[in-house]
Amino acid sequence: MTGSTGYVYLHLDHNIHTAGDLNTLPDRPPVLVPPPTPSGSSAPAATTSSTAPQGPPINILLLGSQTRDGQTGQFGDSNSTGSFGGSDGTDLSDTSMLLHISGDRKHAIVVSIPRDTLVDRPTCPSRDGKGTIPGEQRAMFDASMSLGGPLCAAATVEQYFHVRVDHFVRLDFNGFRKIVTYLGGVEVCIPPGGINDPFSHLNLPAGRQVVTGDEALAFVRDRHGLAGGSDLARIEMQKMFLTSLITKIEDSGTLNDAGELYQLANITTSSITTDDALGSVTALLDLASQVQDVKPHDIDFVTMPTVQDQIDPNRVDPAPDAEALWALIRSDQALDGASTAATTANSAPTATATPTPTGIGTTPSPTADGPTPTGTPAQGTPAQGTPSQGSSATAPSSGIATDLQDRPADADICSNLPASNPYAADGS
């Protein structure tokens, strides 16, 4: 390593903040490893995947923080929900996605977890390190990070959905805006009628638009400009934004230009918080090398199926098919049930009953006060509050009945858009 290269590594390493060791979590789900090589042969074991396995699948919990602490700038009035400045002491994960990178390193699934999903949160060390946060049943998923930091959010995924989290990455408002601005903005598609949000003052006409800076942040956070003011509708816009961002990075050549790549790396590393194992340039480069062959058409963005909670209409529960989705992730299978090389490593699979898919979908539903997302169960179908216990290594071969709102990363950005909210441009 040359002196200049060493300086770059040290500088970027210094940028990264870390927030805990995932190996300290108790009762972790098993690791998956590639199928063993047949006796007497150097060739990999046969799988139904089109490519040989390269290693265990990798699950990375991506957390978008809504904390105002230390953030600058605002969009809308200082007293509105569009304000990004100030300090409120919280660190809710308004955006939560689990990135699953397959064992063959050719496919990826990104699962959005609605922020208002009710879960059983485990006991966690407090975010400020000064005590312990007791476990809680029927707790909002996004509160796990606010109370116990990213490590608690990861523990909640592991204990409630029985999916192992190998790494986590947290990004705040400032970091998001800096990255999007450096890239020159991202093209998005606005539903017919446009977005006219009287709360954040985000006003965008229908059709293709390039958003950057505060406007880009307001766009991915917007609910009130979408029909029903729903987080589920917002998730669809976030997925569209990310697919466009992937295309922008791939087409721009940024990753092939050393100078531009360094600038992007400098901004990114100074904007993220990771687990201890991922908190170095060496670890990040190793991860990048393992996903370099994953192409946009092999990345699927989906939403965890949910139903409206029977007690609180402003909250959602995992639908029966949520367990089927997590079973696919646990066993490293594609959404259609095809294997991408999965074998349970450090423990025997525990048989678990997967709820029978009932074709339940989720649709944004307006609420009395508007700000929280809901899901709507099928007529006469009870909401499902708790995934089955235990970790299953067997996934349904026929895929999942529920519409997962699947958006491939190379999909047209104007496809499958949620409806806009019929606010007038003046907010009336």
Side-chain angles (χ1 to χ4, degrees), residues 8 11-12 14-17 62-78 80-87 91-97 99 110 169-190 194-195 197 199-205 207-223 225 234-274 281 284 288 296 301 409 413-414:
V8 168
H11 175 73
L12 296 179
H14 180 73
N15 284 346
I16 304 171
H17 292 86
L62 308 176
L63 300 163
S65 169
Q66 58 69 261
T67 185
R68 270 65 167 175
D69 296 350
Q71 308 303 296
T72 59
Q74 66 181 47
F75 193 89
D77 297 332
S78 60
S80 78
T81 57
S83 175
F84 302 147
S87 174
D91 193 21
L92 299 167
S93 55
D94 265 12
T95 300
S96 300
M97 300 178 176
L99 167 61
V110 184
V169 177
R170 172 193 174 276
L171 179 69
D172 62 20
F173 287 169
N174 284 342
F176 174 87
R177 285 181 300 195
K178 289 177 182 177
I179 292 170
V180 174
T181 299
Y182 177 75
L183 293 172
V186 172
E187 186 180 42
V188 297
C189 193
I190 310 303
I195 291 178
D197 188 339
F199 294 92
S200 69
H201 298 177
L202 176 66
N203 296 295
L204 294 169
R208 294 174 181 264
Q209 314 287 335
V210 175
V211 294
T212 191
D214 280 354
E215 192 173 54
L217 179 57
F219 174 83
V220 297
R221 299 196 68 248
D222 185 65
R223 291 185 290 113
R234 172 168 61 180
I235 285 173
E236 297 312 306
M237 301 298 273
Q238 291 173 345
K239 291 192 293 189
M240 178 256 285
F241 183 94
L242 289 174
T243 61
S244 185
L245 176 63
I246 290 171
T247 300
K248 176 70 177 280
I249 293 175
E250 185 173 69
D251 292 347
S252 68
T254 298
L255 301 183
N256 297 319
D257 183 295
E260 290 190 12
L261 181 59
Y262 170 76
Q263 293 298 328
L264 181 60
N266 190 37
I267 294 169
T268 303
T269 54
S270 62
S271 304
I272 61 175
T273 300
T274 73
V281 174
L284 290 170
F301 286 81
I413 60 173
C414 289

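The residues of the chain are indexed from 1 along the displayed sequence.
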Give, for atom CG of L261 and atom CD1 of I249, the distance between the pair rounded to the nearest 0.5 Å.
-> 10.5 Å
Please round to the nearest 0.5 Å and tell me the distance separating atom CG of L217 and atom NZ of K178.
-> 13.0 Å
CG of L284 to OG1 of T269: how many Å apart, nearest 0.5 Å?
-> 8.0 Å
E215 side chain reached by T212 side chain, heavy atoms, under 4.5 Å | no
NE2 of H17 to OG of S271, rounded to nearest 0.5 Å, is 10.5 Å
Rounded to the nearest 0.5 Å, the CG atom of L63 sits from the OG1 atom of T273 at a distance of 10.0 Å
Main-chain N/O of G185 paired to K248 side chain as donor or acceptor, under 3.5 Å = yes
One should read off an interatomic distance between T247 OG1 and L242 CG, to the nearest 0.5 angstrom, of 11.0 Å
All side chain to side chain contact (heavy atoms under 4.5 Å, CB included) counterparts of S270, not counting sequence neighbours = N15
Let me know which of I190, V186, D214 forms a side chain to side chain contact (heavy atoms under 4.5 Å, CB included) with F219.
-> I190
Contacts satisfying ring-ring contact (aromatic ring centres under 6.0 Å, His included) that involve residues 235-260 (not counting sequence neighbours) are F176-F241
Is E250 close to P296 at the side-chain level, that is, under 4.5 Å between some pair of heavy atoms?
-> yes
Mind listing the closest non-hydrogen atom pair of A216 and V180 along with its distance?
-> CB-CG1, 3.9 Å
Provide the closest heavy-atom pair for N266 versus H11 in the form atom of the first, atom of the second, distance.
-> OD1-NE2, 2.9 Å
Taking Q238 for the side chain and V220 for the main chain, is one N or O donor matched with an acceptor at less than 3.5 Å?
-> yes
L99 and V169, any side-chain heavy atoms less than 4.5 Å apart = no
